[in-house]
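Everything on this sheet refers to the single structure shown next.
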Amino acid sequence: MLHVLGGNMHVIAVCQPSVPVVAAVSIMEAERDPFAPISMTLMGGPDRHPPQSDGGQTILPLRAAIEWFPRPRHHQGAVFRIPGVMA
C-alpha cells in the first residue's frame, strides 16, 4: 500500500494490526525499501505471556459454555461488539 501511496508516509497501528505492521516495516527496512514509512506508531498491541503466568484469560474461554459469552448489542441498526469477545 505504501508503494501505491507514493512513500513519505507515517504508519499507525492500533491493537492487533501492530504485529503485522512491525513485521512489514522490519522487512521493508531490511530490504532498504525506499517506500518504508518515516515513522511507526503502535498503540495497544497484543502481548504474549508464557503459559505458566496465564491469569486465566486464555483458559476460561476454552472451558466456558457458549451461553457464557455475551451477545452483540444492537442499537438503532448499529451493532456494537464487546471488545475481546468474538460473536
Side-chain angles (χ1 to χ4, degrees):
M1 181 56 89
L2 294 175
H3 290 201
V4 173
L5 295 173
N8 198 26
M9 304 298 280
H10 301 270
V11 174
I12 298 174
V14 180
C15 202
Q16 299 297 335
S18 62
V19 175
V21 165
V22 167
V25 172
S26 298
I27 292 169
M28 293 176 82
E29 287 292 336
E31 294 177 351
R32 301 186 193 283
D33 189 325
F35 294 102
I38 296 169
S39 69
M40 175 176 55
T41 302
L42 307 173
M43 296 185 281
D47 59 352
R48 172 68 176 108
H49 298 286
Q52 55 271 40
S53 69
D54 188 358
Q57 69 272 18
T58 307
I59 297 170
L60 178 61
L62 297 175
R63 295 184 181 164
I66 193 70
E67 293 78 23
W68 180 86
F69 294 94
R71 299 276 183 232
R73 310 261 188 236
H74 297 275
H75 180 69
Q76 297 179 356
V79 176
F80 298 93
R81 303 241 184 251
I82 299 169
V85 177
M86 295 180 63

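When a residue number appears, it is its place in the shown sequence, counting from 1.
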Would a hydrophobic clustering, with Ile, Leu, Val, Met, Phe, Trp and Tyr connected at side-chain separations under 4.5 Å, put [X] with [Y]?
X: Val11; Y: Met9; value: yes
X: Val21; Y: Leu5; value: yes
X: Ile27; Y: Leu42; value: no

Would Thr41 and His10 count as a side chain to side chain contact (heavy atoms under 4.5 Å, CB included) here? Give the steps. CA-CA 8 Å; Thr41 302; His10 301 270; over 6 Å; no
How many angstroms lie between CE in Met40 and CE in Met28, if you round to the nearest 0.5 Å?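 Spacing of CE (Met40) from CE (Met28) equals 11.0 Å.
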